[in-house]
Amino acid sequence: MTHTELGSVSLEPATDIKELTRGELHSWLQTHGIAAYRAGQILKWIYLRQADTFEAMTDIAKDIRILLSSAFGIRRLEKVSVETSQDGSRKYLFKLHDGNYVETVLIPEKDHHTLCISSQVGCAQGCAFCLTARDGFIRNLTAGEIIAQVRDVSRDTDSINNTEQLRNIVFMGMGEPLANYRNVVAALDIIADNDSGLRFSTRRITVSTAGLVPRLADLGNNTDVRLAVSLNAADNSTRNMLMPINRKYPLEELMEACRNYDMKPRSRITFEYVLIKGINDSPEHAKSLAKLLRSVKGKVNLIPFNEHQGSAFRRPDDSVILQFREILVRNNYTVIVRHSKGQDISAACGQLSAVMRER
Ligand code: SAH
């Protein structure tokens with residue numbers, strides 16, 4: 001049957017209401033003669049009460065519910081699998097409605113959980129050490145798909161116990177968030193909405209970037225989230241080799257953008273540095289990192305390289321990692337060595353993939 005034969009009935013899946021910004025929802029309601037305050041009510045049902053149907057929204061008049069049901073759906077991601085690591089990390093594999101896959105990782109901390117979410121299917125940045133880079137860029141996630149990772153996993157964790165409370169969100173999964181700027185910012189608007197959204201504090205949301213310089217200022221000006229920058233090298237020739245984006249936006253420009261980044265007075269940028277054996281892990285590298293960061297308000301996260309199939313890179317020995325850390329500490333930096341969780345289930349940094357290749 002063709003679309004015309006069906007008359008007014010559409011074969012397209014209903015628009016996911018999570019794709020609408022608050023403004024768009026307001027104008028849709030207005031166009032249909034419905035008071036704007038209903039938007040808050042509807043959003044609360046979706047995000048705070050985790051409603052799956054408009055039918056469930058019992059304090060909204062029946063005719064409005066019917067109208068909403070005819071125009072929109074409230075989608076969930078299709079949960080294909082959840083793998084649990086020995087350390088308690090859980091990797092969710094979600095199937096999107098167009099058949100693509102995305103991974104989201106729930107990481108246990110002492111008294112809460114951190115959720116590592118994806119912003120794109122695949123990635124265009126081509127970083128030499130990252131598995132996601134091998135997929136190439138497939139597509140941007142929509143705002144609704146970004147929000148859904150948080151909404152759907154929250155529902156899972158809420159039902160278990162308090163220590164599982166989901167409190168931090170990091171955009172450190174698949175993709176380059178600043179290359180999908182519009183959708184990421186639209187998603188943040190709901191994730192950090194303290195009234196009718198998902199109610200995450202902006203202090204507990206971190207956007208991590210490979211260094212898309214022109215978008216850095218926008219993020220600082222338009223949001224209050226924390227910024228993490230994947231540095232991985234303190235000189236242009238090493239960084240060019242590891243991260244092709246450095247050829248376009250070299251360290252001088254990146255550091256300038258970091259110095260100008262608009263953030264709260266006591267806030268600091270997190271600089272991530274993946275330590276790779278024989279590539280960027282020598283005492284000289286540590287010293288030049290200390291020098292490079294002198295002019296910025298930053299702290300350092302060292303991530304020992306997570307090995308993955310097909311990569312010749314190796315993780316440095318523990319003594320080398322400690323020595324690297326020591327040099328930064330002596331230079332008065334706050335340094336955390338991030339021992340990636342979930343390695344046994346390929347859920348660690350740089351081990352996520354949109355392609356079923358290694359499963
Ligand atoms: N595109 C964004 C976010 C995704 S990568 C960014 O570049 O920041 C998240 C972090 O994982 C980055 O700091 C990256 O340097 C790190 N990473 C990627 N592959 C890794 C690997 N194999 N081992 C350890 N860390 C890795």
Side-chain angles (χ1 to χ4, degrees), residues 89 102-105 107 114-138 140-141 146 149 168-181 183-184 205-213 215-216 219 225-234 238-239 241-246 248-249 254 257-258 269-277 279-281 289 298-316 321 324 336-354 358:
S89 301
V102 78
E103 294 184 317
T104 307
V105 185
I107 306 156
T114 294
L115 190 66
C116 177
I117 62 176
S118 297
S119 56
Q120 299 181 315
V121 184
C123 186
Q125 303 308 318
C127 297
F129 47 81
C130 181
L131 181 65
T132 308
R134 310 249 177 103
D135 301 338
F137 174 67
I138 300 168
N140 280 328
L141 291 182
I146 296 171
Q149 295 172 65
N168 293 15
I169 309 275
V170 294
F171 281 79
M172 295 184 187
M174 300 192 314
E176 167 50 43
L178 296 190
N180 184 15
Y181 184 80
N183 296 345
V184 165
I205 303 174
T206 302
V207 171
S208 178
T209 179
L212 217 68
V213 167
R215 281 301 190 190
L216 273 177
L219 187 75
V225 297
R226 305 251 155 158
L227 176 68
V229 173
S230 297
L231 206 54
N232 302 331
T238 310
R239 200 165 190 269
M241 188 265 283
L242 293 176
M243 304 178 72
I245 193 174
N246 196 69
K248 206 159 173 198
Y249 307 114
L254 178 58
C258 289
I269 297 174
T270 300
F271 290 95
E272 297 157 281
Y273 193 102
V274 181
L275 279 167
I276 309 173
K277 189 173 192 166
I279 303 284
N280 63 357
D281 62 344
L289 178 60
K299 55 184 170 183
V300 181
N301 272 3
L302 295 176
I303 318 170
F305 177 68
N306 294 313
E307 300 181 0
H308 50 82
Q309 241 176 32
S311 174
F313 289 144
R314 290 288 166 258
R315 178 191 197 279
I321 297 170
F324 197 97
I336 293 172
V337 180
R338 286 248 167 250
H339 288 286
S340 282
K341 303 224 167 140
Q343 292 187 48
D344 51 336
I345 54 165
S346 292
C349 301
Q351 294 185 326
L352 303 185
S353 166
E358 295 197 17

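Note: hydrogens, waters and symmetry copies are ignored here, and every other heavy atom, side chains too, is used. Counting convention: from 1, in listed order, for ligands and their atoms alike. From a predicted model like this one, the values you see are computed outputs, not experimental measurements.
Counting only heavy atoms of the protein, atom 19 (N) of ligand 1 lies nearest to Gly350 CA, 3.0 Å. Atom 23 (N) of ligand 1 has its closest protein heavy atom at Asn306 N, 2.9 Å. The single protein non-hydrogen atom nearest to atom 4 (C) of ligand 1 is Gly173 O, 3.3 Å, given as residue, atom name and distance. Ranking the protein heavy atoms by distance from atom 16 (C) of ligand 1 puts Val274 CG2, 3.8 Å first. With hydrogens left out, the protein atom closest to atom 2 (C) of ligand 1 is Ser208 O, 3.3 Å, a heavy atom. Here the protein heavy atom with the shortest distance to atom 21 (C) of ligand 1 is Cys349 O, 3.2 Å.
Note: Tyr273 and Phe324 have tilted aromatic rings, judged against thresholds of 30 and 60 degrees for the angle between ring planes.
Under the rule for a ring-ring contact (aromatic ring centres under 6.0 Å, His included), Phe271 has no partner lying at least two apart in sequence or in another chain. Applying the side-chain hydrogen bond (donor to acceptor under 3.5 Å, both in side chains) rule to Asn246 yields the partners Asn236, Arg239, Asn240; only residues at least two apart in sequence or on another chain are considered.
Compare Cys123, Ser230, Pro177 by their heavy atoms: the one nearest to atom 13 (O) of ligand 1 is in Ser230. Around atom 5 (S) of ligand 1, the closest heavy atom drawn from Met174, Arg315, Met172 belongs to Met172.
A 4.5 Å side-chain heavy-atom check between Leu219 and Tyr181 finds at least one atom pair inside the cut-off. Side-chain contact between Ile276 and Leu242 is present, with heavy atoms from C-beta onward closer than 4.5 Å. Looking at heavy atoms from C-beta onward, Leu254 lies in side-chain contact with Leu216 at the 4.5 angstrom threshold. Between Asn306 and Arg315, every side-chain heavy-atom pair lies at or beyond the 4.5 Å cut-off.
Between Ile321 and Pro316, the shortest heavy-atom distance links the atoms CD1-O, 3.6 Å. Here the closest non-hydrogen pair linking Ala128 and Met241 is CB-O, 3.9 Å. Listed here is the closest heavy atom pair of Gly310 and Arg134: O-NH2, 3.3 Å.
Annotation: Phe305 places no N or O atom under 3.5 Å from an N or O atom of ligand 1; distance criterion only. Checked by distance only, ligand 1 and Gly175 come closer than 3.5 Å through their nitrogen or oxygen atoms.
Put simply, no part of Gly211 is less than 4.0 Å from ligand 1, judged by heavy atoms.
When non-hydrogen atoms are compared, ligand 1 lies under 4.0 Å from neither the backbone nor the side chain of Gln125. Residue contacts with ligand 1, taken as heavy atom pairs separated by less than 4.0 Å, do not involve Leu131 at all. The side chain of Glu272, and not its backbone, has at least one atom closer than 4.0 Å to an atom of ligand 1 (non-hydrogen atoms only; side chain from C-beta on).
The CG atom of Asn180 sits 10.0 Å away from the CZ atom of Arg215 when rounded to the nearest 0.5 Å.
Near Ile303, the atoms of ligand 1 lying under 4.0 angstrom from a non-hydrogen atom of the residue are 24 (C), 25 (N). Heavy-atom contacts of His308 reach the following atoms of ligand 1: 22 (N) (cutoff under 4.0 Å). Each of the following atoms of ligand 1 lies closer than 4.0 Å to a heavy atom of Ala210: 6 (C), 7 (O), 8 (O). Less than 4.0 angstrom separates some heavy atom of Asn232 from each of these atoms of ligand 1: 15 (O).
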